[in-house]
Number of protein chains: 4
Amino acid sequence: MAIETLIRHADATPKRERRKEARPGELLEAALDLFVEKGFSAARVDEVAARAGVSKGTLFLYFQSKEDLFKAVVRENIANQFPTWQEEFKAFEGSSADMLRYALMSWWERIGKTRASGITKLVMSEAQNFPEIATFYQEEVIQPGNALIRRILARGVDSGEFRNLDLEQAVHIIVAPMIFLMMWKHSMGACAASAHIVNPEQFIHMQVDLLLHGMVATPLT
Amino acid sequence: MAIETLIRHADATPKRERRKEARPGELLEAALDLFVEKGFSAARVDEVAARAGVSKGTLFLYFQSKEDLFKAVVRENIANQFPTWQEEFKAFEGSSADMLRYALMSWWERIGKTRASGITKLVMSEAQNFPEIATFYQEEVIQPGNALIRRILARGVDSGEFRNLDLEQAVHIIVAPMIFLMMWKHSMGACAASAHIVNPEQFIHMQVDLLLHGMVATPLT
Amino acid sequence: MAIETLIRHADATPKRERRKEARPGELLEAALDLFVEKGFSAARVDEVAARAGVSKGTLFLYFQSKEDLFKAVVRENIANQFPTWQEEFKAFEGSSADMLRYALMSWWERIGKTRASGITKLVMSEAQNFPEIATFYQEEVIQPGNALIRRILARGVDSGEFRNLDLEQAVHIIVAPMIFLMMWKHSMGACAASAHIVNPEQFIHMQVDLLLHGMVATPLT
Amino acid sequence: MAIETLIRHADATPKRERRKEARPGELLEAALDLFVEKGFSAARVDEVAARAGVSKGTLFLYFQSKEDLFKAVVRENIANQFPTWQEEFKAFEGSSADMLRYALMSWWERIGKTRASGITKLVMSEAQNFPEIATFYQEEVIQPGNALIRRILARGVDSGEFRNLDLEQAVHIIVAPMIFLMMWKHSMGACAASAHIVNPEQFIHMQVDLLLHGMVATPLT
DNA sequence: TATGAATGAGTCTTCATTCAT
DNA sequence: TATGAATGAAGACTCATTCAT
């Protein structure tokens, strides 16, 4: 998608011409779909090419190898939605509890629910075989994401709304179930036997509730 | 070859050794290693056999297929542990909060910390390509595991120690961070940029604390 | 290797040759040879490919599987002939006795005499191990073949030239010796002790004669 | 069977002792079944051994190789029922037509119908790969069998009951359908799609009828 | 003599990659 | 630049045969 956008901006040439220039973008699109769906090794380059409407040979004209294609796919799709969010959160006026709830729910709407979650699943699944990509993802996605959550928690602690938490740890605890949701959606969740065991919206609701108020009947004194 | 012969004589290792009792265990060991290291489809049965010190044919003497071998690995390393836990939990006498804490920590000691956690990572990564494995794992690991947690929660609710929870959802919320830990350890956790970001023991401690008592400074009234 | 290189230069045969049109035919030729020579299961796809001058992979470009290849061989060499026969028979103007004689003789010329007869031998030899092939053969060769014969007999009965026969049975009686000829040619006929015991043309002549007029000196009254 | 008989006659030792001696016979029995059922290459030596109640290793104690076993099986089972028949035919008093009918029907009862027909199927199927066996069979079974038929035909011709036939050819025409019946029974006849297409008894009846009196309504003048 | 665990060559099939056109 | 025919190195699994016991 990023590449396509760049190309579009570069020149507004008529369709036939652009077609040629757009090839890599179409291939990356198709590859993303297939890598998410089947994983790196089970995805077939024939199918990627076919879905992009070109021949297998053409694919190798743009990408040296399947691995090369994979890396390009992930790099292209690690987009930053974070700046937008940062703006939203700066302007947020409710309680920090509401802010947390809002953050997780909107994360689900914009990332978890969409195809973007497939990238996370993909990166985590193949991290062992592509360490550079894992590092890249860690830096470009996970750390900024964590920073966003950390800011919300810090706000709550500062205002006295939250207990005095170890922020670093707490961030992971918030983030873990979201990552779980994405993994689940693209793995067990896609299998018949366990398809609808986890309902994401309910899951997030309860997650926030428990995180905020705990399970014990007699609260901390 | 002359050298090889010399070595053979030095070790006096017979080419064919009959060790029927020991074989399956040795193969399962090697298989666990390789499955965790490379994933299900990338692990080669030849290599499993070689690492166990036998020929490819011998492997198929003990396991009908690669899938069968994998199932045996899962049973040996994960499923087998459930009965023990069940016993322990039956005999447990402390509070349900302590019980939950104990469950998660001992789960970490016996599974999460060990190579066995790699199995969970692998299953989630490749579930889509091997539906039969996904179903198997769902039935032999996830459902029994969930049942164990559900019993703890039910005990807490029954005794009035916990709030009246939607057990099914709560189970997922307990389990999700554990799955996250396993995924993390075998994906991002293995890359430099994030190696020690998540400390499992601390993570679990805080997870239990937050789950039990919540984050808000002013508890539910 | 030096020699090989020399030869290559001498011939100037390119390693990779693109001959999409010709490939299937060449493969079918080679496959027919090998299937007849070794039987279905003993014939090796590698050897078929090699004999056709292509790599193993190329064979699977044109035929989905060994079984698929075999079916194509059957269609090419046997099943394809039925429409032609049907045309010929439609246009046939002589007596039904002549028609029968012609059918059997031309069957011998076009199938029995050629390598194609080896296919029948092979199918009968291996039918039990490859039920799908047996069914295929039954449907694509035996039934159409029988239908052709049945039509000739029916014509003779209708015209009063033949006695009122049980057509279904009579068809088998006509067909049996033809199958015998094919079996014989590719089994006992290939061994010294019996090489020339059965002369097909004479055999067919006498077969038709006896079938038409019987052996007894005093005919039915 | 032949071997067993020999052994039984040789010594009437108690069961336990004889067991050991009987091994080869039991193996040949089991092997016959399996070779007939599946053919040479599809029959598994494990299964032969298992069916004979011994281990695979034991089989190779008695037979050098699978091929060796195969040859032994066929040799053992080419029994001669011919002398008996010869006696019967010498004493036969009816017409030659009746004699022919009787010969074919009793052949079906004693050979075609029984497991013995499996040997023929086996030998014809594997003749290409075992030429010595084909020769052996030709001499030991086919030629004597043909001689029997030839005598019947000669009797009919001599008595003026039959036309003046080329005996050599006529014999083949009589024998061909019988061989067809055996092949069919053990190949296509064993497949669901065509199980009962050919009814042997009816087939033989009609065969004899047509052979004797022909199909044409207006007989030879 | 009997066992059955162990072997390893051999089989079909797949698929990333190359290259003549 | 684009094609798609051709390649060949794997990979899972089988099975006749061997050999330590």
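Every chain is numbered from 1, with letters handed out A, B, ... down the list of sequences. Worth knowing before you read on, the calculation uses all heavy atoms, side chains too, and leaves out hydrogens, waters and symmetry mates. Not measured: the values here are computed from a predicted model.
- Straight-line distance from the CG atom of A/L69 to the C1' atom of E/dT17: 14 Å, rounded to whole Å.
- Comparing atom distances between the D/S65 side chain and each of E/dG8, F/dT17, F/dC15 picks out F/dT17 as nearest.
- If you check every strand for non-hydrogen atoms under 4.0 Å, B/A43 touches sugar and phosphate atoms only.
- When heavy atoms are screened at a 4.0 angstrom cut-off, B/V45 is found touching the sugar-phosphate backbone but no base atom.
- Nucleotide E/dT17 holds its P atom 17 Å from the CG atom of C/L61, rounded to whole Å.
- Rounded to whole Å, atom C1' of F/dT14 lies 18 Å from atom CZ of B/F63.
- The side chain of D/Y62 places an N or O atom within less than 4.0 Å of a non-bridging phosphate oxygen (OP1 or OP2) of E/dA2.
- In terms of modelled atom types and a separation under 3.5 Å, the side chain of D/D68 and the main chain of D/F63 share no donor-acceptor contact.
- Residues D/M124 and C/M124 form no side-chain contact, since every pair of their non-hydrogen atoms from C-beta on lies 4.5 Å or further apart.
- Residue-to-nucleotide proximity on DNA chain E shows that, of B/V54 and C/Q64, the 5′-proximal contact is made by B/V54.
- With distances taken from any side-chain atom of D/F60 to the nucleotides F/dT18, E/dT7, F/dT3, the minimum falls on F/dT18.
- The side chain to side chain contact (heavy atoms under 4.5 Å, CB included) test with B/L32 is passed by exactly one of B/V74, B/L27, B/V73: B/V73.
- In this structure, B/R23 reaches the E/dA6 phosphate: one of its side-chain N or O atoms is under 4.0 Å from OP1 or OP2.
- The structure places CG of C/L28 at 11.5 Å from CG of C/D33, a figure rounded to the nearest 0.5 Å.
- Between C/A42 and D/G57, it is D/G57 whose nearest contact on DNA chain E lies nearer the 5' terminus.
- A salt bridge does not link C/K71 with C/E140: every distance from a Lys NZ or Arg NE/NH1/NH2 to an Asp or Glu carboxylate oxygen is 4.0 Å or more.
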Paired and unpaired positions of DNA chain E as dot-bracket, Watson-Crick or G-U wobble under 3.5 Å, | denoting a partner strand | .||||||||||||||||||||
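- Scanning for side-chain hydrogen bond (donor to acceptor under 3.5 Å, both in side chains) contacts around A/D46 gives A/K56, with sequence neighbours left out.
- In this entry the distance linking CG of D/L59 with P of F/dT17 reads 10 Å, nearest Å.
- Atom C1' of nucleotide E/dT7 and atom CG of D/D46 are separated by 14 Å, given to the nearest angstrom.
- In this structure, A/L27 atom CG and F/dT3 atom P are separated by 10 Å, rounded to whole Å.
- At whole-Å resolution of the value, CD in D/E47 and P in F/dA16 are 10 Å apart.
- Protein atom NZ of C/K66 is 8 Å distant from nucleotide atom C1' of E/dT11, rounded to whole Å.
- When distances are taken from the side chain of B/T58 to each of F/dT17, E/dG4, E/dT7, the shortest belongs to E/dT7.
- No salt bridge links B/R115 with B/E37; every basic N to acidic carboxylate O contact stays at or beyond 4.0 Å.
- Closest contact between the side chain of A/K56 and the listed nucleotides F/dA6, E/dT13, E/dT7 involves F/dA6.
- Side-chain atoms of B/R44 lie closest to F/dA12 of the nucleotides F/dA12, E/dT13, E/dT17.
- Not less than 6.0 angstrom separates the ring centroid of B/F136 from the ring centroid of B/F70.
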